[in-house]
Amino acid sequence: MKQTDTNSFSNELAISASDLGRVFQTYKKPEGFKASVAGFFNRQYEYKEALKPTTLDIKRGSIVGLVGANGAGKTTLLKLLSGLIHPTSGSARVLGHEPWRRQESYLRRMGILLGQKNQLWWDISPADSFALLGRIYGITPIDVRSRVMELAEKLQCTEQLNIQLRRLSLGERMKMEIIGSLLHRPEILFLDEPTIGLDIVAQNTIREFLMEYARAERPTIILTSHYMDDIAHLADRLLLISRGAIVYDGTVKGFMARADLKQRLKMRFEDPLSSAVTAGKGEYSIEVGATVADIAVNGNEVSAVLKDILGQTRIAELQIEQTNFEDVIHEFLASESRRR
Amino acid sequence: MSFWRRNLAAARLAWIQQFEYRFNLFVDAILQPVLTATVEVALWYAMVSGIGDGDSLGGFSRAHYLHYALWAAFVARIGANWMYEFRMGEEIQSGTINVILTRPLSFYQFYLSQFMSYKVLTSMLSLTVPAMIASFLIPGPTDLSRLPMACVLILAYLIMAYNISFIVVCGGFHLNRISSITTAKNIAIWCFTGELFPIDLAPLAVKNILLNLPFSAGVYVPVGYITGRCGADLVLRSLLMVLVWAGITGLIGQLLWSFSIKRYSGTGA
């Protein structure tokens with residue numbers, strides 16, 4: 001009966017959380033030796049609501065980008081949904097399972113990649129780690145080898161499979177970690193900062209690999225990243241978290257559409273301006289006599305501003321920069337953080 | 001089936017990791033116990049050198065003491081579990097335990113398999129040393145036909161020792177750093193095992209207490225059995241006691257785990 005419930009659940013939603021929250025208790029020690037001695041006898045604890053009661057549904061096959069500043073609560077949410085930690089309030093079902101019960105039937109269906117932690121064994125080669133993982137997940141050695149080769153070829157890291165993990169570069173290690181987390185074809189995949197600390201080339205390789213993988217195998221992916229390009233390229237749903245609460249839930253496109261997008265104009269004039277130029281209801285202006293300008297204006301005001309300037313002088317240099325996703329997100333989260 | 005496959009894989013991991021560092025394995029399995037045994041045998045040699053060829057101390061000859069010291073040094077190293085206990089504690093403190101918690105693995109089983117496999121590997125290598133010395137260099141009371149039964153007792157003791165380690169390690173969820181507890185616990189157990197001196201030399205009251213604790217199964221009973229200080233009846237009694245304590249400590253460990261894991265904050269991830 002329970003199995004049937006699990007299946008029917010998994011047909012509709014991958015994740016369903018209701019008032020899910022976690023409070024952490026931490027020892028708060030004021031600075032200094034005296035405080036250390038005092039704290040030895042009388043410890044002051046502080047309770048931090050890392051994740052406020054959160055209600056959330058995520059459909060199967062969707063890719064959700066979880067974005068927030070450090071300490072916003074995104075990793076706590078990820079840890080709760082992957083079953084790493086227990087909640088202090090609320091409930092959640094992931095693929096029909098309560099994740100923190102850590103049932104084998106759940107752990108076999110999910111994969112997690114923690115970008116800041118090694119999950120393969122440090123002292124042995126990735127190939128040995130994958131063979132071990134194959135036995136843990138009950139995959140035959142032949143299937144393990146073919147799966148590893150398939151993923152390693154796509155990630156361009158076949159040469160490093162037999163080198164001790166500790167001797168690999170950060171980018172190579174991350175590729176191995178990705179293979180390790182995908183070996184058993186998880187139905188749900190938690191990716192926490194998969195491109196952290198990597199150079200642009202490695203970031204792009206991993207990003208493109210994940211895009212192709214998501215297209216081909218259609219797992220549900222929950223992704224956190226500080227690189228907004230990861231989110232913009234991969235996610236079809238965006239969750240913004242600030243101070244433990246979800247402050248935006250929608251699509252990336254929808255978020256950009258509602259944002260007050262600006263374009264930045266950088267100019268050098270051949271002659272000083274003879275009269276001031278204003279834009280944005282007087283918010284931005286270029287003063288009389290200016291020979292250079294650097295202003296941000298709304299997209300629909302660009303032509304009017306340029307027309308006004310060209311009426312006075314010729315433009316020797318012009319650069320137009322589109323405000324990007326990252327800037328908008330940062331601005332949004334900063335304003336949310338100030339508001340709360 | 002999957003239970004055995006998983007745990008055999010973990011056991012294999014311990015061997016693969018050991019073979020990665022050949023010199024460290026040699027030092028750990030051979031050199032360290034040889035050095036310890038040399039020191040202990042030398043000490044006992046100095047102490048019992050006054051015993052004449054036909055004389056005895058506490059009913060045992062000089063050769064009995066030298067053979068006891070020789071085997072005790074090697075067997076005591078097999079029963080010690082500070083290395084895996086430190087490693088497990090470190091996993092909780094640093095958050096690398098996440099690797100196990102997010103996979104269809106049990107932290108208890110994963111390390112038990114590795115620990116037992118590592119002990120089998122190092123024991124196979126290190127026990128050949130006292131066996132060779134007792135057979136060819138220092139003739140005496142060692143009876144190698146008694147080794148298999150002594151090994152069964154040591155194996156049971158290892159499970160109990162691991163369970164005690166697991167209890168200490170669970171404390172890491174509450175206290176974070178437990179390395180000093182591990183050290184203190186190991187010193188306490190070391191005093192009770194009979195590595196320092198054969199328990200039968202202790203005053204009767206102390207001897208009775210030590211023999212009724214399961215820790216004598218770590219050194220005194222198996223070594224005493226191999227070197228002719230005690231008989232099979234004491235080995236069987238000790239085995240039964242160790243199995244009961246292994247069950248009790250295993251149960252306490254599992255209860256403590258269920259309680260402690262709820263406090264885990266997924267450190268470092």
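Naming convention: chains lettered A, B, ... in sequence-line order (proteins, then strands); numbering from 1 in each chain.
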Among the listed options A:Gln164, A:Arg108, A:Gln25, the residue most often paired with chain B at heavy-atom distances under 4.5 Å
A:Gln164
Once rounded to the nearest 0.5 Å, what's the spacing between atom OH of A:Tyr137 and atom CG of B:Leu105?
7.5 Å
Of B:Ile100, B:Val99, B:Ile97, the largest count of non-hydrogen pairs under 4.5 angstrom with chain A goes to B:Val99
Salt-bridge criterion met for A:Glu104 and B:Arg6 (N-O under 4.0 Å)
yes
Might you confirm whether atom CH2 of B:Trp190 has over 12 heavy atoms from other residues, nucleotides or ligands at distances under 6.0 Å?
no
Is A:Glu159 atom CD crowded by more than 12 heavy atoms from other residues, nucleotides or ligands, each under 6.0 Å away?
no
Would the number of heavy atoms belonging to other residues, nucleotides or ligands and lying under 6.0 Å from CZ of A:Phe40 be above 12?
no
Find the one option among A:Met110, A:Glu193, A:Gln119 whose heavy-atom pairs under 4.5 Å with chain B are most numerous.
A:Gln119
Between B:Ile261 and A:His86 the two heavy atoms that sit nearest each other are O-CD2, 3.9 Å
What are the two closest non-hydrogen atoms of B:Tyr264 and A:Leu84, and how far apart are they?
CD2-O, 3.6 Å
Tell me whether the count of non-hydrogen atoms from other residues, nucleotides or ligands lying under 6.0 Å of CZ in B:Phe259 goes above 12.
no
Would you mind checking which part of A:Ile112 comes under 4.5 Å of any heavy atom in chain B, side chain (CB onward), backbone (N, CA, C, O), both or neither?
side chain
Given A:Leu120, A:Leu133, A:Asp123, the one with more heavy-atom pairs under 4.5 angstrom with chain B than any other is A:Asp123
Look at atom CH2 of A:Trp121 and say whether more than 12 heavy atoms of other residues, nucleotides or ligands are closer to it than 6.0 Å.
yes
How far apart are the closest heavy atoms of A:Leu107 and B:Pro104, and which atoms are they?
CB-N, 3.8 Å
Portion of B:Glu20 that has a non-hydrogen atom of chain A nearer than 4.5 angstrom:
side chain
Check whether A:Trp122 gets within reach of chain B through its side chain, its backbone, both or neither, counting any heavy atom under 4.5 Å.
neither
Which bit of B:Phe19 comes within less than 4.5 Å of chain A, counting heavy atoms only: side chain, backbone, both or neither?
neither
Rounded to the nearest 0.5 Å, what's the gap from CZ on B:Arg12 to CG on A:Asp128? Could you check?
7.0 Å
Counting heavy-atom pairs under 4.5 angstrom with chain B, the leader among A:Leu78, A:Thr76, A:Thr88, A:Ile85 is A:Ile85
Gap separating the CG atom of A:Leu132 from the CZ atom of B:Arg103, nearest 0.5 angstrom:
8.5 Å
Exceeds 12 heavy-atom contacts within 6.0 angstrom, atom CZ of A:Arg43
yes
Verify, without hydrogens or angle tests, whether B:Arg5 (side chain) and A:Arg135 (backbone) share a donor-acceptor contact under 3.5 angstrom.
yes
With chain A, the option among B:Leu13, B:Asn7, B:Leu8 that has the most non-hydrogen atom pairs under 4.5 Å is B:Leu13
Closest approach of B:Leu101 and A:Arg102, non-hydrogen atoms and distance?
O-NE, 2.7 Å
Atom CZ of B:Phe23 with >12 non-hydrogen neighbours under 6.0 angstrom:
no
CZ (B:Arg177) with more than 12 external heavy atoms under 6.0 Å
no
